[in-house]
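In what follows, a structure is listed as structure tokens, so that the remarks can point back to it.
Order of the sequence lines sets the chain letters (A, B, ...), proteins ahead of strands, with each chain counted from 1.
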Amino acid sequence: MTTYNSNEIKRIEAKWQMFWDENKVFKAEARSDRPKYYVLEMYPYPSGKLHMGHVRNYTIGDVMARYRRMQGFNVLYPMGFDSFGLPAENAAIKNKTSPRVWTDNRMQDMVAQMKAMGLSYDWSRFLYSHSEEYYRWNQWIFIQMFKRGLAYKKKSLVNWDPADQTVLANEQVIDGKGWRSGAVVEKREIEQWFIRITDYAESLLRDLDKLENWPERVKTMQRNWIGKSYGTTIKFDVVDAQGKKIDELKTFTTRPDTVFGIEYVVLAAEHPKCKEWTIGKANESEIASFIKEVTKRSLIDRLGESSDKNGKPLGVYVINPVNGRRVPLWVADYVIMDYGTGAVMAVPAHDQRDFTFAKKYGLPVSVVIRPVDHAILNAADMTAAFVDAGIMVNSQQFDGMSSPDAMAAISQWMESQGFGERTVTFRLKDWLISRQRYWGTPIPIFYDDDGNPQPIPEDDLPVRLPEDVEFGRGNPLATSGSFRYYVDKTTGKKYRRETDTMDTFFDSSWYYMRYTDLNKDRPFHPDITNYWMPVDQYIGGIEHAILHLLYSRFFTKFLRDLGLVKFDEPFKRLLTQGMVLLNGEVMSKSKGNVVDPDAIIEKFGADTLRVFILFAAPPEDQLEWDDNGVGGSWKFLTRVWSLIYDRYQPADDRLKDAEITGPARDMERARHEAIKNVSEDFELYKFNTAISSLMVLLNQIDKFTAQNPADQAVLNRACRTVLLLLAPIAPHLCEELWQKIAGQEDTISRAAWPKFEEAMLKRDQVKIVVQVNGKLRGQFTAAADAGEATLKQMALADERVKVFVEGKEIKKFVFVPNKLVNIVVS
RNA sequence: GCUGGAGUGGCGGAAUUGGUAUACGCGCUGGUCUCAAAAACCAGUGUCCUCACGGGCGCGAGGGUUCAAAUCCCUCCUCCAGCACCA
């Protein structure tokens, strides 16, 4: 017998990886009578090498894919790369190469590692977003959005790095400086491209309810992100110091019950009216410099931990429409322009922010709701705002009402009076997709003579990334001689071209549909895509809970509205795997606490790595790396190897269930139990307990000795079952034994998943546990399905039980069939 | 602060239609084999009392419901994650 050692493993694993590849074992059928199943992992960024997080992600997906194939599904299980993005460009600058060369090399390395892990991808469907065939259709989708008004350009305040000449994301600004250049970042108002995802806010929120097999956590995060709130928009007359009406202003509130307590109204610094209303006034320059100062600070800075609030009175006033009171208008840094209307009615008595602000600037506080259990709430004594529900006071006809009732009554009344309107507001903002960077999909737009954006004709797609560019000084596209102009083919006229590229989240919002049909002449074929989609099982990190998963849902709804697809949610079942930790900390290169998957594969093989990563923790939990645990997984596979080698003997396996008796019957029952447990666990991704069930079965095999040919047949069955159940988890070892020992001709990857029979799980004798007053006092074996009377008699005959029952009155006898009895005594 | 999730041996974790708490694995202890070590194999391993038989106590804390609670209810504590001046 060959021993299962490092060298042997390398030979076996390489052998089967080559076999799978050459025989296209995992190729998905284009059309099939079999039911389809689409398993997908979030495609990775080609960072260089696989880390344990990838290993965990792909191992889970691979087990699901292999399991479904064995169950008879036509499985689609593809892989690709999210290969555009800033790191490639930075690496290219650093290493004096092109982003394309750098990226292609990284991808090649990672594909080799994926193959070494034995992942059963259909490599004929490989894709990557920097291929022209892919980004061409990215551009096409963008144009469809543009044509329908969903992609638009608007001025927006962004982080500008003056050294690198590019816009930076908020995450790339550290302590007010660019992360790479170290230059102090400026705030600039620049025209940017946005996608009107807010048009879909309502359906993105509503359809979360359809996603029964998504983690509650992810759905909650998306709900919070979309942030729907019901409230009232109130219209105020704006008057000057003399009381003359000069304009109107709208505010949004979720607390219409507090309108009688308004003491001032605040505008965000970005609100255009701040400047307009102070032009030519004495405070014009004071206000202008305040606005400049506030807007200069980054959003993170402004809304950070500090609860310090700053503001200035504008010198104009508004009239509260509910009681005719004139209150001052302020500008302050605690109001956000892009939520609601950018203007807020301030009620210091009943909102903590307004309270803090009012105290700081000596503004009055007036109570309009009192606590239910206090007759009075005195504004002078308040140290914090009263934000709970209560009883209305100082609110005219609404006095005495409960504040929740008043909320409805007041908004209704304001609506009938014409100055209020019930409104729904979302926190979700439009998606800024333009980047002043090279390594991304060029936005397919040119500007006509009037400067209006026009789509590049679809015949001219793709808008290719030029190769003859210079890196290191801002966006190479903006300085490229060949790229900057679009030439109309028929007229020969030159137009200025859009030189921004797209956020890579745009690329990743539909790649899962592209896998279903990689034809170069279309993004995908509706019929084929409708066959495969939605993705039945999607697996990825929780860090994408909002961005990627929300954008993908949006794309799906958009493409459905275009009539291209028939489904409206892309991912039926979602699994978010937990992080891999070392000594309680997330593995990261910068911390230097990484375990290299290659090193583990080198020493123990891919199968051991796969077993460990699945066995160490349930997939959604954090996983603590443990070298000893890896040793345990290794030992388990070694036992499978040597035990099956040792025990499997050619025998006549034709055997009727009825002929199986004695210890063989127990062996056979253990086999059926294992099939049941593993199958059920796989459905719920409980791979850790599935493996433990396999260990239990293996222990049973170890204990069982075959006395005759019938026993041997039973033993052989058990051995084959171990291989079949373990095949999705440790495929190389199982293929080898399946062929070599069990003498099977076809690959185990195509073998049928075993079935169990309920009848075989039944026992003739069952263990009955005896409790006295709920405490465990004894146990005995009885015939299955024995009646209450029999069990009572047997329980009372137990010596230990007697001690606790003797001399006492039996008040009650509790009986759980085939499980336990409980004798209740006084 | 809001939202979601979780607290079980020395460790990773099982067990939730209420019914033998700690499956499976790691570690540890003892043993077999060996000149020795490693590997492998066998036995033991919640805790306290007891030579032992056996018993008390044990699933974050406290209470409750029940014949019976890790599981259901109430109050509280701790940890993790996400969001956070959203009006």
Side-chain angles (χ1 to χ4, degrees), chain A residues 3 5 215-225 227-229 231-232 251-255 258 265-266 268 302-309 332-336 338-347 350-354 356-357 387 425-429 542-543 545-546 576 578-579 611-612 615-618 620-633 635-636 638-639 642 677 686 688-699 702 767-779 800 803 811-825:
Chain A
T3 47
N5 59 39
E216 205 49 50
R217 182 158 72 127
V218 174
K219 288 193 274 186
T220 307
M221 281 163 77
Q222 292 212 356
R223 272 188 203 104
N224 292 344
W225 187 263
K228 184 178 186 177
S229 45
T232 307
T251 66
F252 172 76
T253 183
T254 53
R255 291 294 304 272
T258 64
V265 168
V266 221
R302 254 172 81 189
L303 308 182
E305 75 283 6
S306 122
S307 59
D308 187 37
K309 296 168 178 46
D333 58 1
Y334 76 96
V335 176
I336 299 162
D338 47 13
Y339 181 75
T341 61
V344 176
M345 57 172 238
V347 184
H350 305 293
D351 181 281
Q352 189 53 46
R353 293 154 303 184
D354 300 342
T356 310
F357 192 80
V387 296
T425 303
F426 293 95
R427 293 175 58 184
L428 182 69
K429 289 164 194 138
I542 186 75
E543 68 272 19
I546 296 170
T576 51
M579 304 234 199
V611 168
F612 169 72
F615 184 59
E620 307 211 65
D621 290 9
Q622 294 194 329
L623 184 153
E624 176 69 29
W625 184 264
D626 175 15
D627 285 329
N628 286 321
V630 178
S633 301
K635 202 154 89 178
F636 166 60
T638 312
R639 283 188 71 211
S642 52
N677 291 340
K686 289 162 68 177
N688 55 332
T689 49
I691 292 170
S692 89
S693 294
L694 278 165
M695 288 171 169
V696 169
L697 177 58
L698 198 69
N699 291 342
D702 199 0
K767 192 162 78 176
I768 302 291
V769 166
V770 188
Q771 295 180 337
V772 178
N773 286 346
K775 283 197 184 291
L776 179 69
R777 296 302 181 189
Q779 59 178 47
R800 250 173 88 199
V803 176
K811 298 186 98 168
K812 195 172 176 182
F813 186 80
V814 182
F815 159 73
V816 181
N818 294 331
K819 215 160 212 173
L820 99 164
V821 295
N822 186 13
I823 304 160
V824 185
V825 297

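- Partners of A:W625 by ring pair (Phe, Tyr, Trp, His ring centres under 6.0 Å), not counting sequence neighbours, listed by chain and number: A:F612.
- Between A:N688 and the phosphate of B:A14, there is a side-chain N or O to OP1/OP2 separation shorter than 4.0 Å.
- The residue A:K819 sits close only to the backbone: its heavy atoms come under 4.0 Å of sugar-phosphate atoms, none of a base.
- The nearest whole Å value for the distance from the CD atom in A:Q352 to the C1' atom in B:G1 is 11 Å.
- The CE-P distance, from A:M695 to B:G13, rounds to 15 Å in whole Å.
- We find that CG of A:D333 is positioned 15 Å from C1' of B:A87, with the value rounded to whole Å.
- Straight-line distance from the CG atom of A:D621 to the P atom of B:C11: 17 Å, rounded to whole Å.
- Contact annotation for A:G340: no contact, since no heavy-atom pair falls under 4.0 Å across all strands.
- Residue A:K775 places no side-chain N or O under 4.0 Å from the OP1 or OP2 atom of B:A21.
- Looking at heavy-atom distances under 4.0 Å, A:P215 makes no contact with the nucleic acid at all.
- A:R427 comes within contact range of at least one nucleobase, with a heavy-atom separation under 4.0 Å.
- Side-chain nitrogen and oxygen atoms of A:N224 include none within less than 4.0 Å of the OP1 or OP2 phosphate oxygen of B:U3.
- Atoms CG (A:L820) and P (B:A21) sit 10 Å apart, rounded to a whole Å.
- When side chains are defined from C-beta on, A:K686 counts as touching A:N688, because their heavy atoms get closer than 4.5 Å.
- Atom CD1 in A:I546 sits about 11 Å away from atom C1' in B:U3, given to the nearest Å.
- Side-chain atoms of A:N822 come within donor-acceptor range of the base of B:C67, with a qualifying N/O pair under 3.5 Å.
- Considering only heavy atoms from C-beta on, A:R217 comes within 4.5 Å of A:T576 through its side chain.
- In this structure the side chain of A:T251 reaches within 4.5 angstrom of the side chain of A:V265, judged on heavy atoms.
- Atom OH in A:Y334 sits about 13 Å away from atom P in B:A87, given to the nearest Å.
- The residue A:V816 sits close to a base: some heavy atom pair falls under 4.0 Å.
- Between A:F252 and A:Y339, the angle of the ring planes goes over 60°, which puts this pair in the perpendicular group of the 30/60° scheme.
- Among B:U3, B:G82, B:A21, the nucleotide with an atom closest to any side-chain atom of A:M221 is B:G82.
- Residues A:G342 and A:N773 each lie close to RNA chain B; by heavy-atom proximity, the contact nearer the 5' end of the strand is made by A:N773.
- Taking the nucleotide of RNA chain B with the nearest heavy atom to each of A:G631 and A:E216, the more 5' of the two is matched to A:E216.
- Taking 4.0 angstrom as the limit, A:R777 places a side-chain polar atom (N or O) nearer than this to OP1 or OP2 of B:G55.
- Across all strands shown, A:D354 has no heavy atoms under 4.0 Å from either base or sugar-phosphate atoms.
- For the OP1/OP2 pair of B:G82 and a distance below 4.0 Å, the side-chain nitrogens and oxygens of A:K219 include no atom meeting the criterion.
- Contact of the A:Y334 side chain with the A:V266 side chain is registered, since non-hydrogen atoms from C-beta on lie closer than 4.5 Å.
- Phosphate proximity of B:C28 to A:N628: absent, as no side-chain N or O sits under 4.0 Å from OP1 or OP2.
- Atom P of nucleotide B:A84 and atom CZ of A:R223 are separated by 18 Å, given to the nearest angstrom.
- Heavy atoms of A:Q771 sit under 4.0 angstrom from at least one base atom.
- The A:D626 side chain lies nearest to B:C26 when the options are B:C67, B:G55, B:C26.
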Report each atom pair, protein N/O against N/O of nucleotides 41-48 of chain B, whose distance is under 3.5 angstrom.
none

